Participant: 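The structure follows.
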Amino acid sequence: MTPSAERWLDREAGPVVRPYAMTRGRTRPEGAGFELIAVVAATGVPAGDRLRYSPDHARVLRGCASPVPVADLASDLGLPIGVVRVLLGDLRDEGLVAVVAEADAAAGRRPPTGVLREVLNGLRAL
């Protein structure tokens, strides 16, 4: 193997692909962004020829078969969160995924501040 070819191959992980190559150089999705705790799901609309994107788009779409938080999706797929957000934006623009629960909607159901403070104090005590 030539020295330049070795640079793009991690023996344990396989070929190395830079994140900007997966997103075609984009760092943010068009339109509204995706919060880490936003729950996304596939809309059920058949991809058909709409899915003219990369295999990573298909992986993200499969990962959204059931509702999943954006952070969990990125973790499950082993992709950087920024890449997942851009790919989700592409899929949202095609009507293939939708946000089913926003972080702001969950804000009304948060426990009282006192409870959160007690949990934080307990974690610090560990």
Side-chain angles (χ1 to χ4, degrees):
M1 191 176 300
T2 65
S4 63
E6 288 179 16
R7 185 173 76 178
W8 296 105
L9 179 69
D10 181 333
R11 295 196 191 284
E12 294 176 17
V16 177
V17 177
R18 301 283 182 203
Y20 61 81
M22 293 180 201
T23 63
R24 290 182 260 153
R26 296 170 296 149
T27 58
R28 294 195 167 103
E30 292 183 25
F34 293 90
E35 296 290 328
L36 288 175
I37 59 174
V39 178
V40 294
T43 59
V45 174
D49 61 348
R50 291 181 182 206
L51 195 58
R52 61 187 184 281
Y53 299 110
S54 69
D56 293 312
H57 283 92
R59 285 180 56 208
V60 169
L61 185 58
R62 282 192 305 273
C64 294
S66 60
V68 61
V70 174
D72 290 351
L73 180 63
S75 175
D76 293 345
L77 297 176
L79 293 173
I81 190 72
V83 169
V84 170
R85 285 175 167 162
V86 171
L87 299 178
L88 280 171
D90 294 343
L91 295 171
R92 179 190 54 205
D93 293 347
E94 293 294 326
L96 300 174
V97 299
V99 175
V100 295
E102 289 284 346
D104 295 338
R109 296 178 290 193
R110 288 187 182 154
T113 305
V115 173
L116 294 175
R117 188 163 293 136
E118 289 295 322
V119 170
L120 183 59
N121 290 338
L123 290 172
R124 285 183 180 146
L126 294 175

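Side chains are part of it too, since the values below use all heavy atoms of this structure and drop only hydrogens, waters and symmetry mates. This one's a predicted model, so the numbers in the text were calculated from it and none came from an experiment.
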Participant: Quick one: do Leu88 and Val70 satisfy side chain to side chain contact (heavy atoms under 4.5 Å, CB included)? Show the steps, please.
Facilitator: CA-CA 9 Å; Leu88 280 171; Val70 174; 4.0 Å; yes
Participant: Nearest heavy-atom pair of Val100 and Ala41: which atoms, and what distance?
Facilitator: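 What the structure gives for the nearest pair is CG1-CB, 4.0 Å.
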Participant: Side-chain donor-acceptor contacts of residues 62-69 below 3.5 Å, not counting sequence neighbours, with atom names and distances?
Facilitator:
none

Participant: Rounded to the nearest 0.5 Å, what separation is found between the CG atom of Leu126 and the CG atom of Asn121?
Facilitator: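 Reported to 0.5 Å precision, the distance equals 11.0 Å.
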Participant: What pair of heavy atoms forms the shortest contact from His57 to Asp90, and how long is it?
Facilitator: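 What the structure gives for the nearest pair is NE2-OD2, 2.8 Å.
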Participant: Measure across Phe34 and Arg85 and return the closest heavy-atom pair with its distance rounded to 0.1 Å.
Facilitator: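 Nearest pair, atom of Phe34 first, then Arg85: O-NE, 2.7 Å.
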Participant: With sequence neighbours left out, what residues match Thr43 under side chain to side chain contact (heavy atoms under 4.5 Å, CB included)?
Facilitator: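 Listed in chain order: Val45, Ala98.
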Participant: Return the CG to CG distance between Asp72 and Leu77, rounded to the nearest 0.5 Å.
Facilitator: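 Here the rounded value is 10.5 Å.
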Participant: Give, for atom CG of Leu79 and atom CZ of Arg59, the distance between the pair rounded to the nearest 0.5 Å.
Facilitator: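 So the CG of Leu79 and the CZ of Arg59 are separated by 4.5 Å.
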